[in-house]
2 protein chains.
Amino acid sequence: MSSRVTHAPRQSARSKLIDAAHMLVRKQGYAATSVDEICAAAGVSKGAFFHHFASKEELGVAAAEQWTARADELIFTLPPWVRIEDPLERLLAHIDFRLFMLEGPPEGFTCFVGTMVQESFASSEALRHASEASISAYCERLAVDIEAAIARYRIRDGVSAISLAWHVQAVLQGAFVIAKARNSPREARDSVLHLKRYIKMLFDGGENR
Amino acid sequence: MSSRVTHAPRQSARSKLIDAAHMLVRKQGYAATSVDEICAAAGVSKGAFFHHFASKEELGVAAAEQWTARADELIFTLPPWVRIEDPLERLLAHIDFRLFMLEGPPEGFTCFVGTMVQESFASSEALRHASEASISAYCERLAVDIEAAIARYRIRDGVSAISLAWHVQAVLQGAFVIAKARNSPREARDSVLHLKRYIKMLFDGGENR
DNA sequence: GTAAACATACCAACCAGTCGGTATGATATC
DNA sequence: GATATCATACCGACTGGTTGGTATGTTTAC
């Protein structure tokens, strides 16, 4: 009874704004998404927006940080396959998962920071840096698994784990662009399948001959 | 003396506007680039802009079409290596060329239509379609060379020429995103090297063991 | 001379950001 | 335990500047 809930969890407005930004920016881009639009989608007032964020740019930075946390959870923590013991199998399951995600409209599977950084790399060092941090975090986390696979199975041509991780990220980002251009995830999925074949070949040149 | 220069090449304003759009959009994105900014960079008045284009969107469509012509010339017509007889060597020279291009600031090597389509796919069907046409044209042209290589050397797993062409395009588009995020083309180049290794392995699994 | 190729001045809508104010709840004072 | 004080969360009207686009006039080409 005396359970002091202290103050009611009033994270609400701030995180609703970030969620709305994730959705709208992925659909329309950063510059084309206005603060008013984000407020309307989040169902909060403009006053609330500027209470939580000093500027639109600051929201972008906060949304990038939140995106990192969200992605790490969604991709590296929650899914059951992350507990596969064999590191190569785990890596391939990761690729299959990214493949599986390529469904529905682009705002459902594309990358918030990847979209944002394209428009802001030259105009806002804060946004560029926040986006880079988010993408780098993904690559470094993925490189851990790749490193484990290399340790157990070796890899061709002395390919490094971090280099392959960046390549995975590049293929995914490119697949998102193609999916938007084609208005269909079909070529994007094909491209990820090429990536999977490449990884298999890197770890065993003659396996699925 | 009476050398009638006939009419001075007055393609000038229109194509200066398109060139300025190519540069500015690649640097800042489509939405963040204003009509006034494009006019200023092109050194023409706003009246001239709307004399040649009914709207900013129409400039985008025209710039996409111009981009297709420019890319076809720059990549598939002018370079000396396009006359290499062996189709696989020609394909690998193509990849090397794309690798070689990844230098200097991003607005010098990134893709105008790739940048534009990310911001416009959901808001302007005209821009999305024009961008898709440009990217598709590149892929279909590249697929001709890949098809020739397949005919001469075979390829693993029954990979199709057009599918591999889209994968090349995806890796390049992804590499552009990574280069912008990292503020350096290093990881982008590494990714294209992965692509080159993949293509080599597809055409000869055990070649450079 | 006339039609295309520009230039200048202007407009309404929209933009990010400001500001005065309110509602609420925790803490301090007596 | 009632009251004063303070901090946080939020609201929505407002502002100065920017936006894409227009109206109208001038210059150039043939």
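Below, chain A is the first sequence line, B the second, and so on; all start at residue 1. Owing to the predicted nature of the structure, the values given are computational and were not obtained by experimental measurement.
- Note: CZ (A:Phe50) to P (D:dA13) measures 16 Å, nearest angstrom.
- Using modelled atom types, one side-chain atom of B:Asp86 and one backbone atom of B:Leu88 make a donor-acceptor pair closer than 3.5 Å.
- Distance CG (B:Leu59) to C1' (D:dG20): 12 Å, rounded to an integer number of Å.
- A straight line from CD1 of B:Ile38 to P of D:dG21 spans 11 Å, rounded to a whole angstrom.
- For A:Gln28 and A:Thr33, the side-chain atoms include at least one donor-acceptor pair closer than 3.5 Å.
- For the pair A:Phe53 CZ and D:dT8 C1', the interatomic distance rounds to 15 Å; values are reported in whole Å.
- Close to C:dT8, at under 4.0 Å from its OP1 or OP2, lies no side-chain N or O of B:Ser45.
- The base of C:dA16 sits within donor-acceptor range of the side chain of A:Lys46, with an N or O pair under 3.5 Å.
- Whole-Å rounding puts the B:Lys16 NZ to C:dA7 C1' distance at 13 Å.
- Per the geometry, CG belonging to A:Leu17 stands 13 Å off C1' belonging to D:dC11, to the nearest Å.
- Relative to the side chain of A:Val35, the nucleotides C:dC6, D:dG21, C:dA16 differ in distance, and C:dA16 lies closest.
- Listed nucleotides C:dA16, D:dC10, C:dC6 differ in distance to A:His52; the shortest reach to its side chain belongs to D:dC10.
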Next item on the list: Could you give me the CA-CA distance, side-chain angles and deciding distance for A:Arg70 and A:Glu73, then say whether salt bridge (Lys or Arg N to Asp or Glu O under 4.0 Å) is met?
Entry: CA-CA 5 Å; A:Arg70 191 195 114 125; A:Glu73 199 183 11; over 6 Å; no
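- Looking at A:Arg26, its side chain never comes within 3.5 Å of a backbone N or O of A:Phe112 through a donor-acceptor pair.
- Nearer to the 5' terminus of DNA chain C, by closest-nucleotide assignment, is the contact made by A:Thr33 (compared with the other of A:Gly47 and A:Thr33).
- In this entry the distance linking CG of A:Asp36 with P of D:dT15 reads 16 Å, nearest Å.
- Other residues, nucleotides and ligands contribute more than 12 heavy atoms inside 6.0 Å of the CZ atom of A:Phe97.
- Within 4.0 Å of B:Lys56, counting heavy atoms only, lie sugar-phosphate atoms of the nucleic acid but no base atom.
- Residue A:His51 places at least one side-chain N or O under 4.0 Å from the OP1 or OP2 atom of D:dA9.
- At whole-Å resolution of the value, CZ in A:Phe49 and P in D:dC14 are 22 Å apart.
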